[in-house]
Amino acid sequence: MEKLGINVTWLIAQAVNFGLLLFILWTLAYKPVLKMLNDRKVKIQESLEYADKVKQDAAEQQKAFEQKLEATRREMQAATASAAQAGEKEKERILAEARAEARKLVDQAKEQIAYERKQMLAELRQEVVQLSLLAAQKVVRTSLDEQAQRALINDFLAQTDALGKN
Amino acid sequence: MSDAAGLRLIAAALAIGLGTIGPGIGLGLLVNSALNAMGRNPEAAGQVQINMFIGIAVTEALGIFALVVSLLIGFKIF
Amino acid sequence: MKRWLPILIILAILIVPGLILPRFSTEAVTASVAVTPEVLFSLGGFKISNTLFTSWIVMILITLFAFVSTRKMSLVPSGWQNLMEIIIEGLDGLCTSVAGNRGKKFFPIVATIFLFVLFSNWLGLLPGFGPVGIIPIKEGGHAPAGITTFDLPKEIANSLGAHAGEDTHAAEKPSTDSHATEKPGEPKAGSPAAEVESEMLLAPFFRSPSTDINTTLALALISVILTQIFGMQVVGVLKYWTKFFNFDKIGKFFGSLFKGKPDFGALFYGFIDLFVGLLEFISEMVKILSFTFRLFGNIFAGEVVLLIMTFLFFALPFPFYGLEIFVGFMQAFVFAILTLVFMTIATTAHGAAEHH
């Protein structure tokens with residue numbers, strides 16, 4: 001054993017050295033570094049989770065915003081449509097009113113004309129009757145009796161009536 | 001150098017020289033098949049590697065015996 | 001032509017000093033290569049070997065590294081902290097992948113083994129580790145060929161001198177000194193004591209702890225003993241030892257014998273169990289041996305190879321340096337991972353076998 005260099009004192013010394021080194025490294029390196037590695041892992045995990053959360057929040061907000069936007073757009077569309085409808089209705093109403101007014105005016109005018117014509121015809125007839133009577137009186141005063149005279153005038157009037165109607 | 005000392009040196013050299021032939025071949029075969037296995041099944045590489053190291057340790061122990069015997073002869077321990 | 005010029009210059013730089021510098025000398029190699037660590041000085045009656053001294057340097061370096069890297073820890077790592085985190089995270093990941101949730105328990109031991117062995121292996125490759133040291137030379141004697149010597153002042157020589165009474169020189173090699181005469185006292189065959197005395201041994205100031213069997217044996221013992229302790233902790237003390245000494249089936253045989261119906265099958269399997277347990281026990285012993293000599297053999301042989309290459313031709317070690325750096329890392333890794341794997345097996349295999 002001695003020739004291979006094995007010496008119990010040195011053997012124990014090296015074992016003690018190893019133990020010492022283990023202790024030194026444990027306190028100086030392994031514990032802090034492993035803790036640091038763990039801390040970093042936790043931190044990264046947290047950051048990732050936070051980032052995820054932020055992303056989710058942003059997505060939610062985006063969604064809400066879009067929904068709002070959509071609602072507004074729809075409202076606006078509805079408003080426009082209803083306004084257009086109202087306008088159309090108003091227009092129709094005005095048009096109808098105007099038409100009715102016009103018709104009324106036209107009717108009035110027609111009535112007026114008809115009335116005036118009737119009046120004129122009546123006046124004219126009166127005039128014709130008067131004239132005829134006068135003429136007839138002058139002509140037939142001598143030859144005809146009252147009765148024949150009347151029939152003759154009526155016949156004449158009927159003819160003039162047909163004339164006036166045309 | 002005396003005859004006895006010369007013979008001792010020859011014995012030591014033969015002990016290590018002949019003694020490492022077997023482990024050398026064995027290690028070659030072992031690593032060969034381990035690499036084959038790892039190439040064919042890369043997912044199991046870790047497990048294969050660990051078993052390869054165990055195999056290497058056992059195989060190499062034979063070569064180490066040869067070294068110890070050679071040292072014992074060379075340093076006149078028997 | 002222009003492209004070849006730098007290559008020629010490099011070759012000239014490599015070859016010319018090689019022609020001037022010393023040739024191979026067996027005496028110098030014999031003086032430099034020793035398995036036993038040399039005693040450097042005594043501290044209160046306690047002999048300090050150069051490997052022990054160097055392992056203290058290794059410990060100081062590792063402590064400094066750990067201190068510098070964790071002094072100002074920040075969540076965003078930089079510099080030394082980065083390196084330390086890479087090492088620790090890698091080893092921690094390895095432990096977890098091999099041993100699962102027990103990895104946390106094994107991690108400090110595995111990581112310490114890895115760092116200590118890695119630093120020792122690589123430190124031993126630095127120039128000045130190995131070839132610079134003290135060599136005792138007898139009155140009127142010469143240093144072996146290829147070793148340059150300087151006389152040390154008497155006081156320093158005596159304080160360092162494990163070899164009191166001899167003329168101690170500081171030695172450095174290789175050198176151009178090549179006028180060596182025969183060493184005094186040719187060793188006589190059959191008297192090992194005389195041979196050892198006659199050998200001139202260079203005691204380096206620094207020597208990698210991995211080239212000392214004491215270090216590797218201490219590490220191997222720690223590894224194997226801790227493996228047994230973890231095994232007992234997880235599996236249970238008695239249950240763990242039945243892995244090695246299994247009397248279950250033999251007990252069953254005696255039970256059946258008392259009942260009058262001897263069960264020879266149980267006896268047969270009982271002996272097989274005993275034999276398997278014995279093999280397991282031997283394999284634990286072999287683990288110590290193989291841990292010890294794997295590390296020692298690889299690093300020691302590597303340094304001898306570098307030394308001999310230096311003596312053959314001074315530029316020759318360069319490729320081997322690369323190889324030794326790789327081997328140094330590999331051995332540290334193998335020591336650590338085998339410890340981890342054996343610990344994992346000790347805490348699972350037996351328990352799993354119980355379920356069959």
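Every chain is numbered from 1 and lettered A, B, ... according to where its sequence line falls, protein lines coming before strand lines. Just so we're clear, the structure is a prediction, and the values are computed from it rather than from any experiment.
- Judged by distance alone, with hydrogens and angles left aside, the side-chain atoms of A:Trp10 form a donor-acceptor pair with the main-chain N or O of C:Lys47 at under 3.5 Å.
- Among C:Thr51, C:Val58, C:Ile48, C:Ile62, the residue with the largest count of heavy-atom pairs under 4.5 Å with chain A is C:Ile62.
- Of all the heavy atoms in C:Ser55 and A:Asn17, the pair that sits closest is OG-ND2, 3.1 Å.
- Residue contact with chain A, scored on non-hydrogen atoms closer than 4.5 Å, involves the backbone and the side chain of C:Ile113 alike.
- Within a 6.0 Å sphere centred on CZ of A:Phe23, other residues, nucleotides and ligands contribute 12 heavy atoms or fewer.
- Considering only heavy-atom pairs separated by less than 4.5 Å from chain C, the leading option among A:Val8, A:Ile12, A:Ile24, A:Leu34 is A:Leu34.
- Expressed to the nearest 0.5 Å, how far CG of C:Leu217 lies from CG of A:Leu11 amounts to 5.0 Å.
- Here the shortest heavy-atom pairing between A:Gln14 and C:Asp212 reads NE2-OD2, 4.4 Å.
- Here the closest heavy-atom approach between residue A:Ala29 and residue C:Thr70 is recorded as CA-CG2, 4.1 Å.
- Side-chain atoms of A:Trp26 and C:Thr112, non-hydrogen and from C-beta on, never get closer than 4.5 Å to each other.
- Across A:Leu28 and C:Ala66, no two heavy atoms sit closer than the pair CD2-CB, 4.1 Å.
- For chain C, no part of A:Lys31 is nearby; none of its heavy atoms comes within less than 4.5 Å.
- For chain A, the nearby parts of C:Leu52 are the backbone and the side chain; heavy atoms of each come within less than 4.5 Å.
- Only the side chain of C:Leu219 comes within less than 4.5 Å of a heavy atom of chain A; its backbone N, CA, C and O stay farther away.
- Heavy-atom distances place both the backbone and the side chain of A:Leu21 under 4.5 Å from chain C.
- Residue-level contacts of residues 285-304 of chain C with chain A, in order of numbering, are C:Phe293; threshold 4.5 Å between heavy atoms.
- With a 4.5 Å cut-off on non-hydrogen atoms, C:Ser69 does not touch chain A at all.
- Between the OG1 atom in C:Thr215 and the CZ atom in A:Phe18 there is a gap of 12.0 Å [rounded to 0.5 Å].
- Neither the backbone nor the side chain of C:Phe65 comes within less than 4.5 Å of any heavy atom in chain A.
- The CD atom of C:Glu85 sits 4.0 Å away from the CZ atom of A:Arg40 when rounded to the nearest 0.5 Å.
- Heavy-atom contacts from other residues, nucleotides or ligands closer than 6.0 Å to CH2 of C:Trp56 number more than 12.
- The local environment of CD in A:Glu127 is sparse, with at most 12 non-hydrogen atoms from other residues, nucleotides or ligands closer than 6.0 Å.
- For chain C, the nearby parts of A:Leu22 are the backbone and the side chain; heavy atoms of each come within less than 4.5 Å.
- In this structure, C:Asn214 and A:Asn7 approach most closely via the heavy-atom pair OD1-N, 2.9 Å.
- For A:Glu75, the CD atom counts as loosely surrounded, since its 6.0 Å shell holds 12 or fewer non-hydrogen atoms of other residues, nucleotides or ligands.
- Nearest heavy-atom pair, C:Met84 versus A:Val33, reported as atom, atom and distance to 0.1 Å: CG-CG2, 4.0 Å.
- At a heavy-atom separation below 4.5 angstrom, chain C is approached by no residue within residues 44-67 of chain A.
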